[in-house]
Amino acid sequence: MINRVTHQTVQRSTLANLQVSLGKMSDLQSRMSSGKVITKPSDDPAGTAKAMQLRSDKRSADQFSRNAADGQAWLTTVDTALQASVTALRSARDLTVQGANSGALNPTAREGIAVAIDGVRDAMLQQANTTHLGRPVFAGTTDQGVAFSVTPPVAPATTPTYTWTGTAGASVERRVSRDSTIRVDSDGAAVFGQGGTSVFALLDTISSALRSGADVSGYLTDIDGHLTTMLGGLASVGTRTNQVTTAQSAIGSTVVDLRSELSSVEDIDMAQTIVELQMQEVAYKGALGATQRVLQPSLMDFLR
């Protein structure tokens with residue numbers, strides 16, 4: 001039995017095929033314009049899920065990179081301040097050695113050395129109160145604005161009181177991976193001391209001793225002790241800086257790998273897509289030609 005194929009059936013089938021060809025060409029053009037294989041989840045559900053996970057991992061890596069960069073800035077600030085403080089304290093030591101030569105110094109000369117030591121103390125106090133983005137780098141998580149506050153002397157005291165404003169055990173840390181954090185500040189109380197045992201109080205004591213004519217040679221040991229502590233702080237900062245640098249390198253490699261993997265999932269093969277689009281254009285033109293032949297003239301055409 002031969003099935004009857006009507007003109008309407010042929011017309012509908014031809015138009016349906018034409019729409020399919022046009023739809024494929026439109027999809028290829030959309031891929032070309034976006035540069036992506038996946039333009040909607042239904043294009044590749046498994047690929048979409050993988051791409052979403054890769055994007056999540058990349059966002060995390062980008063955040064770790066920003067954390068590491070901020071930590072690097074903190075540690076650089078701390079290192080610069082400690083370097084300047086060590087240089088200043090060595091200068092104070094040289095001045096103390098000079099002041100210890102009591103037999104060759106008159107009161108005016110001792111006063112001059114005392115004034116110089118006071119200048120060193122002020123410079124070190126300024127370094128100890130160094131801030132990064134408005135936060136003191138030697139006071140942890142404090143909100144006081146400075147790491148060391150100075151209380152003027154009250155009788156019978158003859159020197160100011162230096163108070164560390166930080167909280168013991170409260171440090172500033174930056175997370176550079178899912179399982180790793182690095183401390184980026186420095187404990188001012190440990191590096192500079194606090195109260196009567198601080199390096200500032202020591203310099204005040206030396207300055208007062210010089211003005212009173214006392215022997216200051218005994219304070220050299222105390223200065224050397226503070227120098228050793230500061231150098232230890234510098235070594236710690238150097239170690240943590242190396243950790244941050246290593247973390248930045250690892251994060252950079254991770255970001256590159258994630259971008260490459262994400263591109264392999266989402267991005268089109270440009271050459272292949274161009275070839276497919278050209279083939280589809282040829283097929284579409286062929287479909288248009290076939291449609292023109294299939295759709296017969298109407299009655300109005302015969303009446304002309």
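All heavy atoms count here, side chains included; hydrogens, waters and symmetry mates do not. If you're wondering where the values come from, they're calculated on a predicted model, not measured in any experiment.
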*From CA spacing to verdict: side-chain contact (heavy atoms from CB on, under 4.5 Å), Val137, Val172*: CA-CA 9 Å; Val137 297; Val172 179; over 6 Å; no
*Going through the checks in order, is the salt bridge (Lys or Arg N to Asp or Glu O under 4.0 Å) test met by Arg259 and Asp257?*
CA-CA 5 Å; Arg259 285 176 179 171; Asp257 292 341; over 6 Å; no
*Quick one: do Leu227 and Arg90 satisfy side-chain contact (heavy atoms from CB on, under 4.5 Å)? Show the steps, please.*
CA-CA 8 Å; Leu227 273 173; Arg90 283 174 174 161; 3.8 Å; yes
*Take Met230 and Met124, measure what side-chain contact (heavy atoms from CB on, under 4.5 Å) needs, and give me the verdict at the end.*
CA-CA 12 Å; Met230 287 186 183; Met124 289 188 64; 3.1 Å; yes
*Which is it for Leu210 and Thr96 under the side-chain contact (heavy atoms from CB on, under 4.5 Å) test, yes or no, and what are the steps along the way?*
CA-CA 9 Å; Leu210 283 168; Thr96 302; over 6 Å; no
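Residue pairs meeting the ring-ring contact (aromatic ring centres under 6.0 Å, His included) criterion with at least one partner in residues 166-188, sequence neighbours excluded, are absent. Evaluation of the side-chain hydrogen bond (donor to acceptor under 3.5 Å, both in side chains) test over residues 123-138, restricted to residues two or more places apart or in two chains, returns none. The side-chain hydrogen bond (donor to acceptor under 3.5 Å, both in side chains) analysis of residues 186-209, with sequence neighbours excluded, yields the pairs Asp118-Ser207, Arg121-Asp204, Tyr162-Asp204, Ser207-Arg211. Screening residues 136-152 for salt bridge (Lys or Arg N to Asp or Glu O under 4.0 Å), with sequence neighbours left out, gives no hits. Applying the salt bridge (Lys or Arg N to Asp or Glu O under 4.0 Å) test to pairs two or more places apart or on separate chains, those with a residue in residues 68-87 are Asp70-Arg174. Note on residues 217-231: pairs passing salt bridge (Lys or Arg N to Asp or Glu O under 4.0 Å), not counting sequence neighbours, are Arg93-Asp224. Applying the side-chain hydrogen bond (donor to acceptor under 3.5 Å, both in side chains) definition to pairs two or more places apart or across chains, none involves residues 241-253.
Side-chain contact between Val78 and Phe138: present, with at least one pair of heavy atoms (C-beta onward) separated by less than 4.5 Å. Proximity of Arg59 to Ser56: side-chain heavy atoms (C-beta onward) are separated by under 4.5 Å at one or more points. Looking at heavy atoms from C-beta onward, Val146 lies out of side-chain contact with Pro136 at the 4.5 angstrom threshold. Looking at Thr142 and Thr167, their side chains never come closer than 4.5 Å, going by heavy atoms from C-beta outward. Residues Leu231 and Val86 form a side-chain contact, since some pair of their non-hydrogen atoms from C-beta on lies under 4.5 Å apart. Within the 4.5 Å cutoff, no side-chain heavy atoms of Pro152 are placed close to those of Pro160. A heavy-atom distance below 4.5 Å is found between the side chains of Ser85 and Phe192.
Expressed to the nearest 0.5 Å, how far CG of Asp185 lies from CH2 of Trp74 amounts to 6.0 Å. For the atom pair Leu89 CG and Leu203 CG, the distance stands at 6.5 Å (nearest 0.5 Å). Atom NZ of Lys58 and atom OG1 of Thr254 lie 12.0 Å apart (nearest 0.5 Å). Note: Ile182 CD1 to Ser171 OG = 12.0 Å, rounded to the nearest 0.5 Å. If you take CG on Asn67 and OG on Ser180, they are separated by 11.0 Å, rounding to the nearest 0.5 Å. Put simply, CD1 on Ile117 and OG on Ser91 are 8.5 Å apart, with the number rounded to the nearest 0.5 Å.
One side chain, Asp215 or Ser217, offers a donor N or O that lies under 3.5 Å from an acceptor on the other.
Nearest heavy atom pair, residue Ile251 against residue Ala68, reads CD1-CB, 4.4 Å. The shortest non-hydrogen separation linking Ala116 to Leu95 is CB-CD1, 3.7 Å. The two residues Ala139 and Trp164 make their nearest non-hydrogen contact at CA-NE1, 3.9 Å. Shortest non-hydrogen contact noted between Ala128 and Phe148 is CB-CD1, 3.7 Å.
Taking a cutoff of 4.0 Å between a charged side-chain nitrogen and a carboxylate oxygen, Asp57 and Arg55 do not qualify as a salt bridge.
By the criterion of side-chain heavy atoms lying less than 4.5 angstrom apart, applied directly or through intervening Ile, Leu, Val, Met, Phe, Trp or Tyr residues, Val115 is not grouped with Tyr219; the two fall into different hydrophobic clusters. If you chain together hydrophobic residues whose side chains sit under 4.5 Å apart, Val216 and Leu220 never meet in one group. In terms of hydrophobic clustering, with Ile, Leu, Val, Met, Phe, Trp and Tyr side chains grouped at heavy-atom distances under 4.5 Å, Val150 and Val120 are assigned to a common cluster.
Shown here are the salt bridge (charged side-chain N to carboxylate O under 4.0 Å, His left out) partners of Arg240, two or more places apart in sequence or in another chain: there are none. For Glu173, the salt bridge (charged side-chain N to carboxylate O under 4.0 Å, His left out) test picks out no residue, with sequence neighbours left out. By the side chain to side chain contact (heavy atoms under 4.5 Å, CB included) test, Thr80 is found to be paired with Thr76, residues two or more places apart in sequence or in another chain being considered. Qualifying salt bridge (charged side-chain N to carboxylate O under 4.0 Å, His left out) partners for Asp122, counting only residues two or more places apart in sequence or in other chains: none. For Asp94, there are no side chain to side chain contact (heavy atoms under 4.5 Å, CB included) partners two or more places apart in sequence or in a different chain.
No donor-acceptor distance shorter than 3.5 angstrom exists from the side chain of Arg175 to the backbone of Thr181, with no hydrogens or angles considered. No donor-acceptor pair under 3.5 Å is formed between the side chain of Ser65 and the backbone N or O of Ala61. Checked by atom type and distance alone, the side chain of Ser236 never pairs as donor or acceptor with a backbone atom of Gly232 at under 3.5 Å.
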